[in-house]
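First comes the structure, then the notes that go with it.
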Amino acid sequence: MSSAHRTTVRRGSNPISRRASSSTFKFQECDGGDNNSTVGNSEAGSSSGEDSFCQTEMGDTLYFEPRKVYKRGNRSQVRSSLVRVYSENEKGNFDHATGTRLFDDMKHRPVPSLSKIGSSKNCGTSMRHPRRYSMNENKEVAKKRSAVDMQDEYIPEFDFADVVNKWQMEDDENTYGERKNSRDYLPRVQTRDTSVFPSKFMTDVLRNEDWNAFRGNNSESASPNSSYILDSSHAQVDPIPLPNRPGTIPLTDDMNGNIVGSLSDENANTSNNSNNNHNAQLTNPFRRYGSSKVTVTESFNSTSSGSTQFPDNSISVISELSMSAEEVNDLIEKLPRDFLFMPYSSRKKFIVEAVPNKDYKLIMSLIKKFLLRSSKSSSSIGKPSTNGPPNGPRSRHSSVASQYLSSFSPAYVSSVASMHSLRPDDKGMEILGHRLGKVIGFGAWGMIRECFDTQSGAVRAMKIVRFRNNIKVKKLVIREVNIWQELKNDNILRLLKWKMDEDYAMYCLSEKISDGTLYDLVISWGEYTNSKISLRDRCIATIRLSLQVIAALKYMHSKSIVHGDVKLENCLIDKSSNDIAWRVLVCDFGMGCHFGHPGSKSADEWKFLAMHSNEDIISTNRPEGTEFISHLDRQNTSISKRPSISKSQSNLNIHNNGSVSKRSTDSLKSARNRKSLALTTYGVSSVPRHYGPSLTSTRIGNSSTPSLQDTRITSFSFSKLSPTMDMTSPNKNKDKDNKNIGPDPNSHIGSLPYAAPELLEPSPPPLGPSADIWALGVMLFTMLTGKLPFKHEYEPRLRAMIAAGKYDKNFLAAVCFDASGRKKIKFQRTYDAIQGCLMVDMSKRWDLNTVQLALEDDLIRI
Ligand SMILES: Nc1ncnc2c1ncn2[C@@H]1O[C@H](COP(=O)(O)OP(=O)(O)OP(=O)(O)O)[C@@H](O)[C@H]1O
């Protein structure tokens, strides 16, 4: 940034500075001869090229070749300097009659006259064209001449600095005044109105032709406007505050290389002002800024406002480090004062020695943020702290570190949130007794943040769906919560608590599942042609894992709920619960809906949820009002004639309710000739009692889930009455309240590659279990082969493929039959089951129970 500023000053100052050479304003430049060598060295342009440039320049005038002037200014390091405004008492350096300089700056040396240098007739330094040379000037003369040309001339009664300052002030007012407080101001190219230029300057100093060259309507011109273009490109981001100089930005260097100009502190404090002032000052290259240097020590010691010390991810960083606030405090106290200025290796060494066995990178980033914040907010630098002198020993309780760490209290956080307009779902905020941490997942609707129980420190996950004023999204998320809180199954991610922030977002607390999703797993396996695990193991793992998904879906369907978005990404893997079996947890009920329910429950649901929108409802201990939903559930269940699940039937389903491990043991005992735990890592932890191929209606009839036929009948017959169907079958939705739930015919499609063909129809049937079964088939295919069965970049083509049920069965066969291993047992039933799931004709599509039995059959035989 600082170099950008310097560039801005240099470029912006050139045209005026040249005029300054006939005033009390000094602009130091190299002559053409000297520049040649510099340019030749530093730029691709050869010295010969530069010669011709100089010749032209000398032959014409500098003023009438402004682009070249600009180029030269840009190339020369020396030119990149220097803006000096001379004081009144330097008038004595000039001859009042001729306006030429008599002495150097300090009156130490008389300035040699041009005649002594040996100028030609054109060599005289002109007030108008102080840098016009004769083409005949030889290099040596030119060299000597440069010493003269770098001197400026005195115009009696003319205070150039004053003029420039006035001009700048007018410019600031005219150009920026109207934009004050405009947050999104971006500097634009300005065509400077000549009227803002001081008339004296106009008439006395500039000739019209000169001025025209700088007006900006000449594209060749290195005009002030040109410099604005450059300014603009530099000025669009806020400066990064340096730790030792809060809010200050060096503008230019003095002759000794010191920073002589900086934006003032107060401008850095408020972003609005910062933007405006920053930009205004950038275009004011002649303003002399006071340097307000503040060392890191000062800023470190300063008793700054705690609120500005709050880096937004510090809590999660600290907890990730497994450090206490006290430990972090101690560490910050121990830091050398010049910590930020130490080389990286030294900083690293210091941290590693001070806190071994910790992630030094995390610590360094935390410290850096802290120091930057503390320096940025050092509004009271140098003020004595309440507990000691400014630079005296710091009290533990009043130190910036302490303030910083104490800022983690909930009360503090909420006050900071309002002061800094942090969003309620930002990192560090507290929701449902949990502190929000980093984002661990993103979906179409929301994000999932890691979070920490403020009491126990337990790590959980918070799904946050922002709806703000979008009533459609709000209703959908209410529906999601309503469905989700009904679901309690070992293979379904449990909703622990939820909370709705009426005008902003829905928060859903669940366990954090850290081992990725089935999608991640399949990616790690690769495609079947290059599978990272043997095809046999792949088949076994696929069967074991998908049996758990089937268990979850059966459970949901038994509650007349269709998931609507079954896909690999929505199946979380939990490896922690059991050493020998990974648990699959189905999540994301955003597309879920009830099927087969008569009567509109939605309005009631929403009314209820709105009533409780700001209450936490813990699923295990619902407040009284939640009975309302239960009651509705009961009502609807009886009306919909949902197949009842007898205890014995439900026991047949090893995945429904109860402990997996317990059932696992039982099942393992009773399983005949099973050697199927060869790959227990991936598997379901049990094998069902009923296995073997069966497509008979009897088996289907005994199923704990509605048969395919049943579900189709119920979903069709009640389609018009089901509230959730209204959402997914917009053509049937005439409800005024629900009108913004969309006439989008795709709104019932979770993910297109997993969408059942019937959902792609112009008037799709209501979403029912068979859509989940199709998606399960897609999942199984993908797990086995590593490829989606339906995939095409061109969406209409993809839709056509799905509609036709066109996929490559050879891939599937290659996996299922080549995976047979030594015993030549093929995964025939699995092969069949996937095709059964992917039946375009819904009436022929397999039901979940049949699929489950087929998979189990293969598992038992191996
Ligand atoms: N409890 C959790 N623990 C760990 N990761 C999770 C958890 N819940 C969700 N995720 C991750 O976040 C991702 C998005 O979550 P989810 O599917 O619920 O959001 P969504 O907005 O409904 O997404 P979409 O509708 O696009 O599928 C998941 O694919 C998963 O990787």
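In listed order, ligands and their atoms are each counted from 1. Side chains included, hydrogens not; waters and symmetry mates left out as well; all remaining heavy atoms used.
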Discussion item. Apply side-chain contact (heavy atoms from CB on, under 4.5 Å) to residues Y528 and K787 and explain how you reach the verdict.
Written reply: CA-CA 8 Å; Y528 78 96; K787 292 166 180 280; 4.2 Å; yes
Discussion item. Within the structure, is a non-hydrogen atom of S510 found at a distance of less than 4.0 Å from ligand 1?
Written reply: yes
Fill in: Mode of V465 contact toward ligand 1 - side chain, backbone, both, neither (heavy atoms, under 4.0 Å)
neither
Worksheet item: When you check the side-chain N and O atoms of E450 and H434, is any donor under 3.5 Å from an acceptor?
Response: no
Practice prompt. Under 4.0 Å from a heavy atom of A461: give me the atoms of ligand 1 that qualify, with their elements.
Written response: 1 (N), 2 (C), 3 (N)
Item to complete: Give a yes/no verdict on whether any heavy atom in Y519 is under 4.0 Å from an atom of ligand 1.
Response: no
Response to the item:
Any heavy atom of M591 under 4.0 Å from ligand 1? The part involved is neither
Discussion item. So which atom in Y555 and which in I492 form the shortest heavy-atom distance, rounded to 0.1 Å?
Written reply: CD2-CD1, 3.6 Å
Worksheet, complete the sentence: Note: ligand 1 atoms sitting under 4.0 Å from heavy atoms of K567 are 27 (O)
Worksheet item: For ligand 1, is there an N or O atom under 3.5 Å from any N or O atom of G446?
Response: yes
Worksheet, complete the sentence: Honestly, for E511 the part within reach of ligand 1 (heavy atoms, under 4.0 Å) is backbone
Worksheet entry | Contact (N/O only, under 3.5 Å) between I513 and ligand 1 | yes
Fill in: Atoms in ligand 1 with a heavy atom of L493 nearer than 4.0 Å
1 (N)
Worksheet item: What atoms in ligand 1 come closer than 4.0 Å to a heavy atom of G441?
Response: 12 (O)
Worksheet item: Quick one: which ligand 1 atoms are inside 4.0 Å of a heavy atom on F442?
Response: 13 (C), 14 (C)
Item to complete: Determine whether the side chains of R466 and Y504 contain a donor N or O and an acceptor N or O closer than 3.5 Å.
Response: yes
Worksheet item: Has E480 got any heavy atom lying under 4.0 angstrom from an atom of ligand 1?
Response: no
Item to complete: List every atom of ligand 1 that sits less than 4.0 Å from any heavy atom of D565, numbering the atoms from 1 in the order shown and giving each element.
Response: 25 (O), 27 (O)
Fill in: cation_pi(K575, W582) dist<6.0 Å, angle<=45
yes
Fill in: Enumerated ligand 1 atoms positioned under 4.0 Å from heavy atoms of K512
3 (N)
Item to complete: Provide the closest heavy-atom pair for F467 versus M506 in the form atom of the first, atom of the second, distance.
Response: CE2-N, 3.5 Å
Worksheet item: When you check the side-chain N and O atoms of R435 and T454, is any donor under 3.5 Å from an acceptor?
Response: no
Response to the item:
Heavy-atom nearest pair, A854 first then W846, reads CB-CZ3, 3.8 Å
